[in-house]
Structures are given as C-alpha cells and as structure tokens.
Number of protein chains: 2
Amino acid sequence: MRKKVTINDIAQLTGVSKTTISRFLNDKYEGMSGETRQRIDAVIKELNYRPNRQARALKSQISSMIGIVVVDISNPYTSRMVKGIMDRLKNTQYHTLIMDSDLSQEREQKNVNKLLDEQVDGIVIQPLGKSSTDYQALGTNVPVVQIDRYVEPLIWPAVVSDNFVQSRNLAKLFLEKDYQRIIVVSPPIKYASPRINRLKGLLNELVNTDIEVKQVITTEIKDVVARNEEIWEQLKVYIKGDAKTAIYAFNGGLLYGLIKIFKEKNILIPEQVGLVGYDDGAFADLVSPGITSIEQNPVEIGYQAADKLLEQIEGKESLIELTCVDSKLNIRQSL
Amino acid sequence: MRKKVTINDIAQLTGVSKTTISRFLNDKYEGMSGETRQRIDAVIKELNYRPNRQARALKSQISSMIGIVVVDISNPYTSRMVKGIMDRLKNTQYHTLIMDSDLSQEREQKNVNKLLDEQVDGIVIQPLGKSSTDYQALGTNVPVVQIDRYVEPLIWPAVVSDNFVQSRNLAKLFLEKDYQRIIVVSPPIKYASPRINRLKGLLNELVNTDIEVKQVITTEIKDVVARNEEIWEQLKVYIKGDAKTAIYAFNGGLLYGLIKIFKEKNILIPEQVGLVGYDDGAFADLVSPGITSIEQNPVEIGYQAADKLLEQIEGKESLIELTCVDSKLNIRQSL
DNA sequence: TTGAAAGCGCTAACAA
DNA sequence: TTGTTAGCGCTTTCAA
C-alpha cells in the first residue's frame, strides 16, 4: 500500500504553491497562466492524484454525503425507493451513506446520530418513531425528507404513497362485489402512517354500511414472504363461509404469505375467500388467479424525495408538506 | 442551524486542554483524575457534544467507512446481500457507503474512484468487469472482497454461490426426467462468472449425452419481472413438442418473466414444457404448479464477505480464495 | 498571476 | 495527572 499522493506533492513537483493547485482543483482558472494550468494538469495525471475528500469536507464544511435511514433494506419496496434516490443523485456530487434500522427504534436513533457525526449534508428517513418529537437530534439542524412513512407534527417534508385514496378504491370494489366481511391483515397499525391511512381509507367508505371490518395483527415481518402459522391461527376462524369474506393484506410479504397459506390449505380464491393487498414485489399477477392488488411506485418516491432534499440543501425555500405519489390498483381475479 | 459544538468548546468549559478531552473521547482514562473525568462527562452531556468524524478520520487515517459497489440495488437478491453485510457490521465502528453501478461499467469505475476519494477502509464489490485488470484503481491499495461475481485473475477473495454444483444437480434432474432439449435463458453469459459456472455445471453433466442445449440470450434485465416480448420471440421456436424440452432461467427476473409468458400463452407446465431456474425472490412456490428452483443465500454471502473484509482491515493474513456459499435446490412440480 | 499563512476539528508525541 | 504543539490534507483570505 504505497503512500498516498497529496496536494503538497503536486505543488512541489509542479513548482507552484498548493494554493494554485487548490484553485486548479476547484476549476478557478481566472488569472492562471495557461502554462501553469497545463503543467499542473500533467503532473496530476502523471501521479494519478485524487484529492482527499475528508480533508476537503473538513475545511469546506460540505461532506457531499447524504444519509439514508431505512427500516429494512432487504425489503424490495425499500430497496427500490433507495434506487430512486440514488438514481437522482448520480449526477450530483452527493453519495449515500445508508443505514438500516432493522425494525428497531433504538438502532434508528443510533443511525441518525451516526449520520450527524459524519456531517451528512442531508438525511432521507423512513421513520419508525411515533412522533417527530422522538427525533430531537435531527431538529432543524440538517435538511430532512421523510419517505414512505411520516411522523407528526410534520416538521419535515414527506413523500409517501396515496394510501388513503387507494384503500378507498378497494373499499368500493368490496361494495360492488357484495362482500360482507373484510379482514385486514397487517403488522401493528397504530404508529405507522401508511397503515393508519390505509385503514382510514377503508373505513371511510364502509362507514354507514353493515360490512364488518376485522383486524388480524401480526408481528412486524422481515421476510419477503411472511411465515404461515402465526397468521393462519388468527385467520382461520373467519374462513367459514358464514359471510362473504375478503382478506386485505397491508403489505407484500403478508400478501404472498397468504397466497401460500391458501394454496397449502386448498382454499379457493375467490370462491371461498377474496384476497387483495399491497404488492411490494409485483408478483401478484404471476399466480392463478391473478390477485387484485395495489402496486406502489417506490422509485418515484425516491426521485421526489431526492429532489426535495437537494432543494433544501441548496437553500431554496421548500414547503413542509405531504406529497402523495400515485399507486396503481390492478384489478385481477381474486375478488 | 446553530453552531456546532467542538472539542475546543468542551475544553474551555471544563477548564482542561483538548488533549484531555480527546483522551476522554477515546476511553484513555489511565492517569486521569476521577474528578476531571466526571466534569468532562457532565459538560459533554450538557452541550450534547458529539465528535466530528471527518476531523477524526482525517487525523487518524481511519474513515470507519466501508464502500459497497453493487450492480443494481433494486434487485432483491442484491439488497439481501447488502443486508447481510450491514447486519455483520452493525456492532462495529463501520458504516456503509453504497454505490449503485446500474449495470454500467463506466459508472462502476467512477464509483470505485469515489469510494477511494472518501478514503474508505475497505470495499465490497460485485464486479461488472471482465478481468481484475479492469480495476487498476483498486490494485492492492485497499482491502477488497468480491461478492456474487468475481473477476480473474483472482487478486481479492470472493464469496459467491455454488453455481457449478447446483447447476449440475439440475442437469441430473433433466436426465432423470428424460428431457431431450434444455433451453438456457440468460443475459449475456460470457463475462459474468455465475452465469459461466452455471452453464459449465450444466454442460459438465450433459456432455456425452444426446441432450441438446440451446441458449436464448436476453439483454441485461433491470426489472424484477422480465419483460415478455423479447424473450418469447426467441423462445417460441423451441416450444413445439418435437422434443421434450425444459427451460432453465438463469435469474429470478427471467424466471418470473417466463412464468408470466407461459401463463399468458396458456402453455402448460410441465406438460408442454418444463421450467426451472434461479429464484431470487423466493416466490417460486407461490405459483401453481410450484416451480423447481434454486434459491441462493445472499444474506450468508453478505455475512461472509463482511467477515473477510474485517479480517483484512484488521491486518490478519487472509487467503485470496473463492468461497462458495450453499444454495438450495427446491424440487417442486415444474419438471 | 501566484503565494504565505491560518485554520477546519481532531489525535498523539513529547514534555512537564 | 495534564498540557503544548505539530500536523492530517485541504480551502481561502489577504497580500504581493
């Protein structure tokens, strides 16, 4: 591991001061002789010199790093949001420092602090907390954008899916098809804004009807396809044919888990039970019958979040608002 | 955005020198009076001081950052490898700077250079290149581990799936079931080590038989489910019933794309054609019939890569070798 | 057209 | 038990 070339080496070899080299590096050519410029250029290429970003960052107070805090990077929905962010950042000076909270609020706190320690220029976060007051460290010290989830009171912009609207659309379908009982299958709803809004959208449409809405609450799932047993135990009491029933899975892992369960138990969809849900993996049309599902647009969420963050970093006034990105309701044969 | 607290502020307020503060920060308490220690502790907590990592890194020449370069972060297989790495790193001092090459070798080069500019302490790379000579910048300047793919000559350790072995197992299945023609569906094989080894494993077993092996080469796919048209055009000539034929998809996106095609075209599996492949999403048993598939263990690849990288960083002698992580052949009903 | 010098926030050798 | 000082690699003000 040979010694790293520094700005001093270049200065010495070219016979100019490091100030001049620095100017060169920062494209400040006004009043620099063409000859000097060429000589510097030659030596830099010769030695394959690349400026040390840490030193630059320390002095300039610009790290060129953006922190991303996600709940679980192995979730395909999440990794596509991240892709969107990175895609938008690829032609800027910014890199992404990605932290995975692995569904733990404690880790999330640590992650936020670590990012601040690294002097990131901005943070994109998919928050696990219950309230924005849980994020004292963030405060208004650094530009922040929330994705997928948001915490209130809303002190940073948020880019999320149109959960309320699509859930209402789904409710209309339930009505059309004369379902009498809807079973929502979801991890704990209380503190996760998308789930809250999905439930609200559903209930908003079904209030004043005699459709029964039940909840089956699972643990937070980490698997791409949720494990069976836990869910089935709670669910089976509702699959009895006494009322026309549809299951509504609040995320892809659960939806796929349910498909698997029903396949194993030989329960026919939609004859014995209807099945719909969020389709994080875009696989809902591979099975037979195709599953009516809501497909979000995580890449677009990433795009918009990155744009908003860059605006903030560049000091533009940007509104602290909730931006909803359209999802798509794919009607198939499972209702 | 109030001014950041620095080590100097803490020194002033406690009335000791910043050396002492530095010692405190680095847990060097030998010969520090309990009183001083407590006072420092109090002031740090009071001001909520957190050391600037950039400054620390600059001085200590340890960035505590590990770079990860992946081909496409939105691929579920990839994001699970990343998860494995992060999981292993979570109780260390290291953070992950993740770069997405988006299937472009040009971007990959830039990514590597950017990581070096950031003075990362090590790099995990899923290489896109054709040869390790394509990575001059890396050389032996920094600890490197390859994942999923590897480039030769092997100058850095690599952790990959047991592609050859599982492909051979699949070939044995083809033999057992008397298939006469195998169609490999894959993006370009020539420079991607996993694909090369899968093909080799297959051919190794089928040599000296009269089984015909054909290739349908697609463009590199970026979608979780590959698009239909392109593949079908090439494929349809082989689905004619003149020879018992099986399709072997070399990655999950293609496998899912094929399932979709056959569903749309009403082609029966396994009656009209057999279908097997790599299952990056773990969805192959959701469809009917269940698809015989190879499921890799990307998280484990991540674990082992992280371990090997940490070893190198800590200066332990580690062998430059190829490590194969077991995948699982799930035999279902599609052959 | 170029350079000297100070300093970003921290660490560590050496001194006291 | 603690402090002085130099310096990591760069940027930038001010001067020449």
Side-chain angles (χ1 to χ4, degrees), chain A residues 1-41 43-44 47-65 93 114 116-121, chain B residues 1-41 43-44 47-65 93 114 116-121:
Chain A
M1 209 178 294
R2 67 180 186 289
K3 207 173 158 313
K4 289 235 167 87
V5 182
T6 75
I7 198 173
N8 284 310
D9 302 325
I10 307 297
Q12 289 215 315
L13 271 156
T14 44
V16 297
S17 75
K18 57 179 179 175
T19 310
T20 306
I21 310 296
S22 175
R23 289 202 185 97
F24 178 92
L25 294 175
N26 294 285
D27 296 327
K28 294 178 181 159
Y29 303 120
E30 328 96 69
M32 185 184 303
S33 78
E35 199 213 341
T36 308
R37 184 170 162 180
Q38 281 172 22
R39 208 165 57 244
I40 296 177
D41 192 54
V43 174
I44 286 183
L47 297 200
N48 215 336
Y49 165 70
R50 312 203 101 232
N52 179 325
R53 287 233 29 100
Q54 317 241 58
R56 227 184 233 219
L58 179 60
K59 180 68 197 178
S60 66
Q61 305 288 30
I62 294 172
S63 69
S64 300
M65 292 202 296
Q93 63 180 306
K114 285 181 175 180
L116 294 173
D117 293 350
E118 293 288 347
Q119 319 300 119
V120 292
D121 297 333
Chain B
M1 209 178 297
R2 67 180 186 290
K3 204 173 160 310
K4 291 238 168 85
V5 182
T6 74
I7 199 171
N8 284 309
D9 303 323
I10 305 296
Q12 288 213 316
L13 272 155
T14 44
V16 297
S17 77
K18 59 177 179 174
T19 309
T20 307
I21 309 295
S22 174
R23 289 201 185 99
F24 178 92
L25 294 175
N26 294 286
D27 296 327
K28 295 178 182 161
Y29 304 120
E30 329 97 67
M32 185 183 303
S33 79
E35 199 210 341
T36 308
R37 184 169 163 181
Q38 280 173 23
R39 208 164 61 242
I40 297 176
D41 191 53
V43 174
I44 286 182
L47 296 199
N48 214 338
Y49 165 71
R50 311 203 99 235
N52 180 324
R53 285 231 31 100
Q54 317 239 62
R56 229 185 231 217
L58 179 58
K59 179 65 197 182
S60 67
Q61 304 289 31
I62 295 173
S63 69
S64 300
M65 291 201 297
Q93 63 178 308
K114 285 181 175 180
L116 294 173
D117 293 350
E118 294 288 349
Q119 321 297 125
V120 292
D121 297 332

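Remember, predicted model here, so these are calculated numbers, not experimental data. Below, chains carry the letters A, B, ... as their sequence lines are ordered, and counting in each starts from 1.
At whole-Å resolution of the value, CG in B:D9 and P in C:dC10 are 9 Å apart. Whole-Å rounding puts the A:Q38 CD to C:dT1 P distance at 14 Å. Distance CD (B:E118) to C1' (D:dG9): 14 Å, rounded to an integer number of Å. Computed from coordinates, the B:N8 CG to C:dC8 C1' distance equals 10 Å when rounded to whole Å. Rounding to whole angstrom units, CD of residue B:Q54 and C1' of D:dT11 are separated by 14 Å.
At least one side-chain nitrogen or oxygen of B:R56 sits closer than 4.0 Å to the OP1 or OP2 atom of C:dT11. Regarding contacts with the backbone of D:dT12, a side-chain N or O of A:K28 is found under 4.0 angstrom from either OP1 or OP2. Taking 4.0 angstrom as the limit, A:Q61 places a side-chain polar atom (N or O) nearer than this to OP1 or OP2 of C:dG9. For C:dC10, one of the phosphate oxygens OP1 or OP2 lies less than 4.0 angstrom from a side-chain nitrogen or oxygen of B:Y49. Under 4.0 angstrom from either OP1 or OP2 of D:dT11 there lies at least one side-chain N or O belonging to A:N26.
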Donor-acceptor contacts, no H, no angles, side chain residues 19-30 of chain A, under 3.5 Å, sequence neighbours left out:
| unit_1 | atom_1 | unit_2 | atom_2 | d |
| --- | --- | --- | --- | --- |
| A:N26 | ND2 | A:S22 | O | 2.8 |
| A:D27 | OD1 | A:Y29 | OH | 2.9 |

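Here the OG atom belonging to A:S64 is positioned 12.5 Å from the CD atom belonging to A:Q119, to the nearest 0.5 angstrom.
Sequence order on DNA chain D of the closest nucleotides to B:L58 and B:G31 puts B:G31 first from the 5' end. Across the interface with DNA chain D, nearest-nucleotide mapping of A:I7 and B:S33 shows B:S33 to be the residue nearer the 5′ end.
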Handout entry: Worked check of salt bridge (charged side-chain N to carboxylate O under 4.0 Å, His left out) between A:R53 and B:D117
Key = CA-CA 6 Å; A:R53 287 233 29 100; B:D117 293 350; over 6 Å; no

Handout entry: Audit row: A:R39, A:E35, salt bridge (charged side-chain N to carboxylate O under 4.0 Å, His left out) steps and yes/no
Key = CA-CA 6 Å; A:R39 208 165 57 244; A:E35 199 213 341; 3.4 Å; yes

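Residues of residues 14-24 of chain A that place a heavy atom closer than 4.0 Å to DNA chain C, in numerical order, are A:G15, A:V16, A:S17, A:T19, A:T20, A:R23.
Closest to the A:M32 side chain, of the nucleotides C:dC10, C:dT2, D:dC10, is C:dT2.
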